[in-house]
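Just so we're clear, the structure is a prediction, and the values are computed from it rather than from any experiment.
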Amino acid sequence: QVQLVESGGGLVQPGGSLRLSCAASGRTFSRYHMGWFRQAPGKEREFVAAINWRIGGGTVYRNSVKGRFTISRDNAKNTLYLQMNSLKPEDAAVYYCAASAAIVLTSTHGDYDYWGQGTQVTVSS
């Protein structure tokens, strides 16, 4: 089992920044690919970004956040991060972190085995 707890959400104006964190406990965090997903009201949960378990193993982003969001991890601290810059109203959602034991880095919701409870991000003036 892996327990995941997100934090760092809140209210921010358009163009602002937030950094989300996801603290992991339980099984070895460093052996899991990690991802961020989000879900806005009335919409399906969608992939945001993912990072390989291996340091330097690569990242993947949804097109709409490329150049604005950065995913990173600190395996020594068992923590996943999502730095979000130049936020737009359409980025508003509940953000979830998730852990995957898949063989390859994946953006597919069903490939993630453990999920956090989510943290709300609101982008509004």
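- The distance between the ring centers of Y61 and F47 does not fall below 6.0 angstrom.
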**OP:** Check the pair Y95, Q39 against side-chain contact (heavy atoms from CB on, under 4.5 Å), reporting the backbone distance first and the verdict last.
**Re:** CA-CA 7 Å; Y95 281 70; Q39 187 167 18; over 6 Å; no
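- Panel note: side chain R62, backbone V48; no donor-acceptor pair is recorded below 3.5 Å.
- Here the shortest heavy-atom pairing between A99 and M34 reads CB-SD, 3.5 Å.
- Between the side chain of T108 and the main chain of G110, no donor-acceptor pair closer than 3.5 Å is present.
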**OP:** Under the side-chain contact (heavy atoms from CB on, under 4.5 Å) rule, what do F69 and W36 come out as? Steps first, then yes or no, please.
**Re:** CA-CA 11 Å; F69 290 13; W36 288 99; over 6 Å; no
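- Listed here is the closest heavy atom pair of S17 and N85: OG-OD1, 2.9 Å.
- Geometrically, R45 engages Y96 in a cation-pi contact defined by less than 6.0 Å to the ring centre and at most 45° from the axis.
- Cluster membership check: V123 shares its hydrophobic cluster with L82, using side-chain heavy-atom separations under 4.5 Å among Ile, Leu, Val, Met, Phe, Trp and Tyr.
- Taking 4.5 Å as the limit, every side-chain heavy atom of Q83 sits out of range of all side-chain heavy atoms of L20.
- For T119 (side chain) and G9 (main-chain N/O), a donor-acceptor pair under 3.5 Å exists by modelled atom type.
- Taking the six-membered ring for Trp and the full ring otherwise, the centers of F29 and W53 sit at least 6.0 Å from each other.
- In terms of modelled atom types and a separation under 3.5 Å, the side chain of S100 and the main chain of D111 share a donor-acceptor contact.
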Original post:
How far apart are the C-alpha atoms of Y81 and R73, what are their side-chain angles, what is the distance that settles it, and do they pass the side-chain contact (heavy atoms from CB on, under 4.5 Å) test?
Top reply: CA-CA 6 Å; Y81 302 100; R73 66 191 297 164; 5.9 Å; no
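- T70 contributes atom OG1, which lies 10.0 Å from atom CD1 of I51 (distance to the nearest 0.5 angstrom).
- Between V121 and V94, every side-chain heavy-atom pair lies at or beyond the 4.5 Å cut-off.
- Looking at P14 and P89, their side chains come closer than 4.5 Å, going by heavy atoms from C-beta outward.
- Under the 4.5 Å side-chain heavy-atom criterion for ILVMFWY residues, a single connected hydrophobic cluster contains both V12 and M84.
- E6 places a side-chain N or O within donor-acceptor distance of the main-chain N or O of C97, the cut-off being under 3.5 Å.
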**OP:** Could you please spell out the steps behind the side-chain hydrogen bond (donor to acceptor under 3.5 Å, both in side chains) verdict for D74 and T79?
**Re:** CA-CA 5 Å; D74 185 336; T79 304; over 6 Å; no
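- Of the possible polar contacts, one joining the H33 side chain to the A102 backbone as a donor-acceptor pair under 3.5 Å is found.
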Original post:
Taking it one step at a time, do L80 and I71 satisfy side-chain contact (heavy atoms from CB on, under 4.5 Å)?
Top reply: CA-CA 8 Å; L80 175 73; I71 188 171; 3.8 Å; yes
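- Checking N75 against S30 by side-chain atom types alone, no donor-acceptor pair falls below 3.5 Å.
- Annotation: the span from Q3 atom CD to S25 atom OG amounts to 4.0 Å, rounded to 0.5 Å.
- Contact annotation: the side chain of V2 approaches that of Y32 to within less than 4.5 Å [non-hydrogen atoms, C-beta and beyond].
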